[in-house]
Visitor: 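Input: one structure, supplied below.
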Number of protein chains: 2
Amino acid sequence: MKADKISELTTNRLSIYLRCLNELAHEGRKTVSSDRLAKRFHLNSAQIRKDLACFGEFGVRGVGYYIEDLREQITRILGLDHHHRVAIIGAGRLGAALTDYYGFRQTNFEVAALFDADPDKIGSLISDVRVFDVKDFAKIVKKEGIDVAVIAVPAEYAQKVLEEIVDAGIKAVMNFAPTPLLADDDIKLKTIDLTISLESLSYFLARPGKNGRE
Amino acid sequence: MKADKISELTTNRLSIYLRCLNELAHEGRKTVSSDRLAKRFHLNSAQIRKDLACFGEFGVRGVGYYIEDLREQITRILGLDHHHRVAIIGAGRLGAALTDYYGFRQTNFEVAALFDADPDKIGSLISDVRVFDVKDFAKIVKKEGIDVAVIAVPAEYAQKVLEEIVDAGIKAVMNFAPTPLLADDDIKLKTIDLTISLESLSYFLARPGKNGRE
DNA sequence: TCGCGGTGTTTCACACTTGAAACAATATGA
DNA sequence: TCATATTGTTTCAAGTGTGAAACACCGCGA
Ligand SMILES: NC(=O)c1ccc[n+]([C@@H]2O[C@H](COP(=O)([O-])OP(=O)(O)OC[C@H]3O[C@@H](n4cnc5c(N)ncnc54)[C@H](O)[C@@H]3O)[C@@H](O)[C@H]2O)c1
Ligand SMILES: NC(=O)c1ccc[n+]([C@@H]2O[C@H](COP(=O)([O-])OP(=O)(O)OC[C@H]3O[C@@H](n4cnc5c(N)ncnc54)[C@H](O)[C@@H]3O)[C@@H](O)[C@H]2O)c1
């Protein structure tokens, strides 16, 4: 197939497949067919084959997929074989929780620096990571080779912080402030808006019956 | 219109509208047209009118919407006028950050109890909230009138914890463990999977050019 | 050598979302 | 009274995602 327009839903599913393969590899299995994978993890076998075929021919007809091989392929496709250095802006409770988040290391991301505007926090260490003054952001980004930023400041400062991040030349940003942000098209911005998720739960509780499953 | 099949995307947008209205109210404005709202917050005016019309006729032709009135209506639609009591299972770093999360209070959610399996944590207080033994989950849920649960335990325990939650009669669950969970259709389960979001950033960094914006 | 199993690929139907356009209805203000 | 502004509603086109089906192709084992 080798489509060049890959939907984000496809790459999200690749993440899922990768986890499933890790589990299977852990159990010592060597090969798996799209059908077995689908049955085992409640997925759709046609979808799996279609998704994988976007990136090349990884399977062996009549056999299925070699688990180790496919793991390596997906790891490469998702860029998980590259190391990335992360800056977290906002050394509050969320920033602290994220600094120590295992998911970062697992994904080959390393939290290299925290940034805050509060003089009491600047200079301190959180899980062995130094908190810098946000005024020095661009300088430290360059010095530390940071290429990913996480926004964990209150919503009203988020847009301004995003602009500083973009000015510093960073292209990939994850935003936890509950507000939509504006950025150019060449910036990958992912907003994780807990408030919307919460209000969606609230809506369900007020009107049980219709679920609207994810 | 009064459609009875409301998409989750619609209610998510209601959350956004509510925030915008709060901002406008804060500025002292009294009315707003769908057009002004759209221009100001980079939305689509037709969409706004359509979304609102799903739930009734809130606007005044020739005028627009009365901000205070519309705020109350959306608050009611989203069920934000009802109080909810939340249990967080997993009193780790994420659980602690969430316990003190302002977004809960703002949404009329109150963290009533934490649960953990670690004897060192059981009995302690985190932001004035007591940590209970997860063994007593059902009992405390009943006693405290808890109706919402948050899963903040490692992924391998998440499914088991979910089953205890469902057994205790809770219908609304937010899951932060990076794994898809299975539940009956009458349970509202929202999974916030940071790993997938991270891997999506990683994919972008490995292949700049195509953005796949949220 | 041949059949079975499973991939790679195409095709189709269906559902959902969006955005635009059109228009009747209606409140406000000149 | 009448023009204007704006909602509520319908309709349509386009894009996208999903799931099923069909089938050629190919590797493995009997
Ligand atoms: N706590 C949570 O569990 C949680 C969960 C999801 C989302 N969030 C969101 O994450 C953000 C942070 O939440 P929190 O609970 O950690 O808040 P917090 O108040 O604990 O931390 C915010 C930090 O940002 C710093 N800050 C403020 N303005 C800044 C600026 N201009 N530059 C750099 N640093 C600045 C503050 O000094 C503070 O240390 C909020 O937008 C919140 O809505 C929090
Ligand atoms: N730390 C973060 O910023 C972050 C962000 C997103 C998602 N997550 C996810 O949230 C979960 C928790 O992350 P964390 O960083 O807080 O981990 P953590 O290790 O700090 O906390 C996990 C807690 O769960 C408790 N626990 C384990 N098994 C339990 C059980 N069966 N019943 C009750 N409690 C149990 C442990 O005792 C521990 O206190 C993980 O799945 C993680 O992937 C964490």
Side-chain angles (χ1 to χ4, degrees), chain A residues 1-14 16-17 21 24 29-67 69-70 73-74 77 180 196 200 210-214, chain B residues 1-14 16-17 21 24 29-67 69-70 73-74 77 180 196 200 210-214:
Chain A
M1 195 197 260
K2 292 279 193 187
D4 44 1
K5 279 271 306 161
I6 311 278
S7 144
E8 178 143 17
L9 295 178
T10 300
T11 62
N12 287 354
R13 279 191 298 269
L14 286 190
I16 310 259
Y17 303 154
L21 292 170
L24 290 175
R29 303 190 59 87
K30 295 295 175 216
T31 66
V32 69
S33 73
S34 58
D35 236 29
R36 288 187 61 86
L37 204 56
K39 290 230 171 61
R40 164 86 180 257
F41 296 101
H42 310 96
L43 306 169
N44 180 295
S45 66
Q47 185 96 67
I48 294 175
R49 292 205 301 279
K50 234 187 269 185
D51 286 338
L52 293 176
C54 289
F55 297 95
E57 313 200 352
F58 306 132
V60 181
R61 295 167 201 239
V63 177
Y65 299 92
Y66 288 99
I67 292 178
D69 179 49
L70 190 54
Q73 299 286 354
I74 298 184
I77 292 166
I196 290 182
S200 156
K210 312 150 194 322
N211 195 325
R213 220 53 175 300
E214 310 141 58
Chain B
M1 198 199 257
K2 292 279 192 183
D4 44 2
K5 279 271 307 161
I6 311 278
S7 143
E8 178 143 17
L9 294 177
T10 300
T11 62
N12 286 354
R13 279 191 298 269
L14 286 191
I16 310 259
Y17 303 155
L21 292 171
L24 290 174
R29 302 191 58 87
K30 294 293 174 216
T31 67
V32 69
S33 74
S34 59
D35 234 31
R36 289 187 60 87
L37 203 58
K39 290 231 171 58
R40 164 86 180 258
F41 296 101
H42 310 96
L43 307 168
N44 179 294
S45 64
Q47 186 95 68
I48 295 175
R49 293 205 300 280
K50 237 187 270 185
D51 286 338
L52 293 178
C54 289
F55 297 95
E57 312 201 351
F58 305 131
V60 182
R61 291 163 202 240
V63 178
Y65 299 90
Y66 288 98
I67 291 178
D69 179 49
L70 190 54
Q73 299 285 354
I74 298 184
I77 292 167
I196 290 183
S200 157
K210 336 189 169 293
N211 195 325
R213 219 55 175 297
E214 310 142 57

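Worth saying up front: this structure is predicted, and the values here are computed from it rather than measured. Residue numbers begin at 1 in each chain, while the letters A, B, ... track the order of the sequences.
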Visitor: Measure CZ/A:Phe58 against C1'/C:dG6 and give the value in whole Å, please.
Guide: 17 Å
Visitor: Indicate the atoms forming the closest heavy-atom contact of A:Leu52 with A:Phe58, along with that distance.
Guide: O-CE1, 3.6 Å
Visitor: Answer yes or no: are there more than 12 heavy-atom neighbours, outside B:Phe41 itself, under 6.0 Å from its atom CZ?
Guide: yes
Visitor: To the nearest Å, give me how far apart CD (A:Glu8) and P (C:dT17) are.
Guide: 18 Å
Visitor: Could you tell me how far apart B:Gln47 (CD) and D:dT6 (P) are, to the nearest whole angstrom?
Guide: 20 Å
Visitor: Please report the closest heavy-atom contact between B:Ile67 and B:Leu21, naming both atoms and the distance.
Guide: CG2-O, 3.8 Å
Visitor: For B:Arg49, which residues count as a salt bridge (charged side-chain N to carboxylate O under 4.0 Å, His left out) partner, sequence neighbours excluded?
Guide: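 Applying salt bridge (charged side-chain N to carboxylate O under 4.0 Å, His left out) to B:Arg49 gives none.
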Visitor: Using whole Å, report how far CD1 of B:Ile48 lies from P of C:dT18.
Guide: 13 Å
Visitor: Applying salt bridge (charged side-chain N to carboxylate O under 4.0 Å, His left out), can you list everything that pairs with B:Lys39, at least two apart in sequence or on another chain?
Guide: B:Asp35
Visitor: Between D:dT18 atom C1' and A:Asp51 atom CG, what is the distance in whole Å?
Guide: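 One finds 11 Å between C1' of D:dT18 and CG of A:Asp51, rounded.
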Visitor: What is the distance, to the nearest angstrom, from the CG atom on A:Asp69 to the C1' atom on C:dT7?
Guide: 14 Å
Visitor: Calculate the interatomic distance between B:Gln73 atom CD and D:dG8 atom P; express it in whole Å.
Guide: 11 Å
Visitor: Is the shortest side-chain heavy-atom distance between B:Tyr17 and B:Gln47 below 4.5 Å?
Guide: yes
Visitor: Check the phosphate of C:dT17 against B:Ser7, side-chain N and O only, distance under 4.0 Å to OP1 or OP2. Yes or no?
Guide: yes
Visitor: With sugar-phosphate meaning primed atoms plus P, OP1 and OP2, does B:Leu9 contact a base, only sugar-phosphate, or nothing at under 4.0 Å between heavy atoms?
Guide: sugar-phosphate
Visitor: Please name all residues satisfying side chain to side chain donor-acceptor pair (under 3.5 Å) with A:Arg40, sequence neighbours left out, ordered by chain then number.
Guide: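 Residues passing side chain to side chain donor-acceptor pair (under 3.5 Å) with A:Arg40: A:Glu27.
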Visitor: Looking at D:dT7, I'd like to know if its phosphate oxygens (OP1 or OP2) sit under 4.0 Å from a side-chain N or O belonging to B:Ser34.
Guide: yes
Visitor: Which of these nucleotides, C:dT18, D:dT18, C:dG8, is closest to any side-chain atom of A:Arg13?
Guide: D:dT18
Visitor: Take the protein atom OH of A:Tyr65 and the nucleotide atom P of D:dG27, then report the distance between them rounded to whole Å.
Guide: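 My rounded result for the distance is 15 Å.
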Visitor: Do nucleotides 20-30 of chain C as a string where each nucleotide becomes B, S or -: B if the base has a protein heavy atom under 4.0 Å, S if just the sugar-phosphate does, - if no protein is that close.
Guide: B---BBBSS--
